[in-house]
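See below for the structure under consideration.
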Amino acid sequence: MNAPKVHTHELPTLERAEHGVVMRFAPNPSGPLHLGHARAAVLNDAYVERYGGRYILRIEDTDPKRVDPDAYRMVQEDIQWMGLRITDIFYQSDRFDQYYKIAAQLIGLGGAYVCTCENEQFRLLKQAKTPCPCRGRTIEENQDLWQKMLGGEFYEGEASVRVRTSLDHPDPAMRDFPAFRILNEPTHPRIEAQVYPLMNFTVAVDDHLMGVTHVIRGKDHIANTRRQRYIYEYFGWNEPVYRHYGRMGIEGVVLSTSQMREGIRSGTYSGWDDIRLGTLRALARRGIKPEAVRQVVLDIGIGETDISFSWDNLFAKNRDIIDPVADRFFFVPDPLSLTIAGASAREAHALLHPGDEKKGYRTLKFEYEVLLPRQEFQKEVKMIRLKDLFNVHVDWSSGTPVLTYAGESLSDARALKAPIVQWLPTGDATPCTLHTPDGDVQGLCESAVSSMADQVIQFERVGFARIDCVTPDGITAYFCHK
RNA sequence: GCUGCUAUAGUGUAGUCCGGCCAAUCAUGUCGGCCUUUCACGCCGACGACUGGGGUUCGAAUCCCCAUAGCAGCACCA
């Protein structure tokens, strides 16, 4: 009824940001974006908006095992939906030559070496803080082996490049982490390669080359940040400012792309936009607006606390946005057809929006027979009021409800605490399936809803819903929230 | 096991750096009332938290120590 109130916590200031920032959103194209991605994407976007600067989209597709070719498109769609102000786009798969070149430099500096140990063997040595045999190779030997790697002289698993850190580092996660590996398959959808760079290497190199000034990401990257610093130190690069926010879970939802994919494969979910999923496209399908996602993400902020996010908070933000604009219609779930005696045929006029008369009215023709929600006749109701029409008496003496006209007076209905219910003329009812996370609800709705495809409306007394598609067979709607 | 991060009401969040203005903010939620031809919106009210234990101090949500819990990393994933 009133303008949506904008209440959002202000994000904390960033150090060294006064003269503008360069930030990035760097998803792995393994599937569509979900709420977890939205947090990173929106937080970075908000800071770029605040301080000015560039916002880089970097597609981190350096692991062919985790690249879904469709995801390149889906990620772009999701970014568009969020309305991110991206200024530059890079694909890491276009930059392998760059990574190879810098790897050679790092090896030349003695900052990395080629390791031909078996993986498991290296792991044991690392636990014991013991150098593996490869660690003692000369720079020249390493350069030679690196060229052999690039020349295809090693097969998968036979050689890798490691960044030399410190073997007695108290945190085992820091000890000589890998920077390149060899993969013979699967093939990468965009490039031909056998020597694949690993994330900690590409991220450090790209952040530097792209001039990234501030990195905001989840705290699951804290260890990666520390690893990446080694590379910065070897080259003497200036580090960006890092911020790590806490883990975010969402009640009742898996946010793991691989788990979602498995659920889709096994038939548990209908697809990436199954409304039980936390993907952005699933939210969009239900009628959640991108601005609501943005607001709620900014509200959560960049705290380092692990949180369990509640749908209620997102729904409340979304309601603020859609309630003032959503047209109202009647949807009668599980309808019961009843004839009302004693009333003359007439037309009812109902506001499209209770707070905005200028939007106009919809017209419902009363012609004796109406459809009512069966659920309203559970208990012995004596009177109900058909919204925007009139009151009816309910007589239960025959065992089934018999309705008779009971006057126009709204105050009578109030006095008797009669429920005011939605109804439909039998001649103006279109089949409608309302999909909810808890299952489908079959019912009928006003035929006028047919013109509301892709709109978010409110089914009075039921809740907000997005009209997904309209076919000759009926309407498909997705429940959003109350 | 090793390493690190975090800990304020059901949920999210402010305050914590620089101790007193905090008998702790705001939102959401729940309950009650009002308004209303929707179980929506709006309005009013209520409920509800500093993880525990020590210590420093005239004074601690805030500083220190210990404990506990949660999370993450220790991949030739990102």
Side-chain angles (χ1 to χ4, degrees), chain A residues 1-2 4-5 7-10 12 26-30 60-63 65-67 92 115 117-119 122-123 126-127 129 156-162 169-175 177-183 195-200 202-203 217-224 226-227 244-249 251 257-258 295-296 299-301 303-317 319-320 322-324 326 328-330 348 350-351 353-355 385-391 408 410-411 413-414 418-422 458-464 481-482:
Chain A
M1 222 174 256
N2 293 359
K5 48 182 185 227
H7 148 85
T8 306
H9 282 117
E10 200 178 337
N28 166 251
S30 58
E60 304 207 327
D61 54 348
T62 55
D63 181 3
K65 292 177 180 171
R66 291 180 33 143
V67 169
Q92 289 193 319
C115 177
C117 294
E118 199 182 310
N119 196 18
F122 181 85
R123 197 182 67 80
K126 178 175 70 177
Q127 298 285 24
K129 302 185 179 182
E156 188 163 327
E158 288 181 347
S160 62
V161 174
R162 297 186 174 282
H169 195 291
D171 184 352
M174 290 304 119
R175 299 172 197 157
F177 63 87
F180 285 84
R181 63 172 166 170
I182 290 171
L183 240 41
V195 178
Y196 283 88
L198 269 347
M199 170 266 195
N200 280 302
T202 61
V203 167
R217 54 181 175 181
K219 72 180 190 185
D220 43 324
H221 286 291
I222 287 179
N224 291 325
R226 281 196 276 264
R227 288 193 268 234
H244 302 95
Y245 54 78
R247 287 282 292 182
M248 182 174 75
E251 50 178 5
T257 301
S258 56
Q295 295 265 323
V296 84
D299 200 38
I300 288 168
E304 290 176 67
T305 316
D306 298 331
I307 61 167
S308 171
F309 175 72
S310 168
W311 289 107
D312 284 337
N313 293 303
L314 175 60
F315 292 161
K317 292 269 191 265
R319 193 180 297 115
D320 286 345
I322 64 177
D323 183 74
R328 268 59 172 175
F329 293 97
F330 287 156
L351 282 166
H353 195 287
R385 180 179 177 84
L386 309 194
K387 187 164 184 288
D388 301 303
L389 192 61
F390 48 59
N391 305 332
E408 312 284 327
L410 177 61
S411 47
R414 285 261 162 73
I420 299 170
V421 308
Q422 77 276 29
Q458 188 203 51
F459 283 136
E460 296 195 49
R461 308 208 319 138
V462 174
F464 294 94
H481 49 72
K482 280 278 194 185

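Throughout, protein chains are lettered first and strands after them, A, B, ... in sequence-line order, and every chain is numbered starting at 1.
- The residue Ile300(A) sits close only to the backbone: its heavy atoms come under 4.0 Å of sugar-phosphate atoms, none of a base.
- Of the candidate nucleotides U3(B), A72(B), A40(B), A40(B) has the atom nearest to the side chain of Phe464(A).
- Nucleic acid contact class of Arg217(A) (heavy atoms, under 4.0 Å, all strands): none.
- Comparing U36(B), C71(B), G73(B) against the side chain of Arg414(A) picks out U36(B) as the nearest.
- Within the nucleic acid shown, Arg385(A) comes within 4.0 Å of at least one base atom, counting heavy atoms only.
- The residue Asn224(A) sits close to a base: some heavy atom pair falls under 4.0 Å.
- Checked by atom type and distance alone, the side chain of Asn28(A) pairs as donor or acceptor with a backbone atom of Glu60(A) at under 3.5 Å.
- In this model, the phosphate group of G29(B) is approached by a side-chain N or O of Arg319(A) to a distance below 4.0 Å at OP1 or OP2.
- When distances run from any side-chain atom of Asn313(A) to the nucleotides A27(B), U38(B), G70(B), the shortest one goes to A27(B).
- Position along RNA chain B of the nearest nucleotide to Met199(A) versus Leu389(A) favours Leu389(A) as the more 5'-ward residue.
- When heavy atoms are screened at a 4.0 angstrom cut-off, Asn119(A) is found touching base atoms of the nucleic acid.
- Straight-line distance from the OH atom of Tyr196(A) to the P atom of A78(B): 11 Å, rounded to whole Å.
- Glu408(A) and Arg385(A) get closest at one heavy-atom pair: O-NH1, 3.0 Å.
- The nucleotide whose nearest atom lies closest to any side-chain atom of Ser308(A) is, among C5(B), G12(B), A78(B), G12(B).
- Taking atom CG of residue Asp306(A) and atom C1' of nucleotide U11(B), one finds them 15 Å apart after rounding to whole Å.
- Within the model, atoms CE of Met248(A) and CD1 of Ile300(A) stand 5.5 Å from one another, a figure rounded to the nearest 0.5 Å.
- Nucleic acid contact class of His244(A) (heavy atoms, under 4.0 Å, all strands): none.
- When the nucleotides U38(B), G12(B), A78(B) are ranked by their closest atom to the side chain of Pro354(A), U38(B) comes out on top.
- The CD1 atom of Ile222(A) sits 6.0 Å away from atom CD of Glu304(A), with the distance rounded to the nearest 0.5 Å.
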Quiz prompt | Pair pattern of RNA chain B in dot-bracket, where unpaired bases get dots and | marks partners in another strand, Watson-Crick or G-U under 3.5 angstrom | solution = (((((((..(((.......[.....)))((((((.......))))))...(((((..]....))))))))))))....

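- If you check every strand for non-hydrogen atoms under 4.0 Å, Leu183(A) touches nothing.
- Here the separation of A14(B) from C26(B), taken at their C1' atoms, is 7 Å to the nearest Å.
- Among the nucleotides U38(B), G70(B), U3(B), the one closest to any side-chain atom of Arg328(A) is U38(B).
- Atom pair His221(A):NE2 and A78(B):P shows a separation of 10 Å (rounding to whole Å applied).
- Asp171(A) comes within 4.0 angstrom of a nucleotide base, judged by non-hydrogen atoms across all strands.
- Here U13(B) presents its C1' atom at 17 Å from OH of Tyr245(A), a figure rounded to the nearest Å.
- In this structure, Phe329(A) atom CZ and U37(B) atom P are separated by 20 Å, rounded to whole Å.
- A23(B) and G59(B): their P atoms are spaced 16 Å apart (whole Å).
- Taking only side-chain atoms of Arg461(A), from C-beta outward, the nucleotide of G12(B), C39(B), C71(B) with the closest atom is C39(B).
- The CG atom of Asp388(A) sits 9.0 Å away from the CD1 atom of Ile420(A) when rounded to the nearest 0.5 Å.
- In this structure, Arg162(A) contributes its side chain and Arg175(A) its backbone to no donor-acceptor pair below 3.5 Å.
- Comparing U28(B), G1(B), C5(B) against the side chain of Ile222(A) picks out C5(B) as the nearest.
- Straight-line distance from the CG atom of Asp388(A) to the C1' atom of U36(B): 12 Å, rounded to whole Å.
- Separation of the C1' atoms belonging to G73(B) and G54(B) is 32 Å when rounded to the nearest angstrom.
- A27(B) and A9(B) are spaced 13 Å apart, taking the C1' atom of each and rounding to whole Å.
- Asp63(A) comes within 4.0 angstrom of sugar-phosphate atoms only, judged by non-hydrogen atoms across all strands, and of no base.
- Taking atom P on both nucleotides, G29(B) is separated from G12(B) by 15 Å, rounded to a whole Å.
- Distance from the side chain of Asn28(A) is smallest to A78(B) among C74(B), U38(B), A78(B).
- Spacing between atom CG of Leu351(A) and atom P of A40(B) amounts to 18 Å, rounded to whole angstrom units.
- Spacing between A46(B) and G55(B) at atom C1', rounded to whole Å, works out to 39 Å.
- Gly157(A) comes within 4.0 angstrom of a base, heavy atoms only.
- In this structure, the CG atom of Asp220(A) is 15 Å from the P atom of U6(B), given to the nearest Å.
- Once rounded to the nearest 0.5 Å, the distance linking CZ of Arg226(A) with NE2 of His169(A) reads 7.0 Å.
- When Phe315(A), Trp311(A), Phe459(A) are each tested for a ring pair (Phe, Tyr, Trp, His ring centres under 6.0 Å) with His481(A), only one passes: Phe315(A).
- U68(B) and C18(B): their C1' atoms are spaced 30 Å apart (whole Å).
- Side-chain proximity of Ser160(A) to C76(B), U6(B), G73(B): nearest is C76(B).
- Within the 3.5 Å criterion, the main-chain N or O of Asp220(A) finds no donor-acceptor partner in the side chain of Arg247(A).
- Residue Lys126(A) places at least one side-chain N or O under 4.0 Å from the OP1 or OP2 atom of A75(B).
- Dashed line: the shortest gap from a side-chain N or O of Thr62(A) to OP1 or OP2 of A78(B) is under 4.0 Å.
- As rounded to the nearest Å, A72(B) and A78(B) have C1' atoms that lie 14 Å from one another.
- For Gln458(A) against U38(B), a side-chain N or O and a base N or O form a donor-acceptor pair under 3.5 Å.
- For the pair Arg226(A) and G73(B), the criterion of a side-chain N or O lying under 4.0 Å from OP1 or OP2 is not met.
- Closest approach of Arg217(A) to Val203(A), counting heavy atoms only: NH1-CG1, 4.0 Å.
- Within 6.0 Å of the CD atom in Glu118(A), the count of heavy atoms belonging to other residues, nucleotides or ligands does not exceed 12.
- If you check every strand for non-hydrogen atoms under 4.0 Å, Lys65(A) touches nothing.
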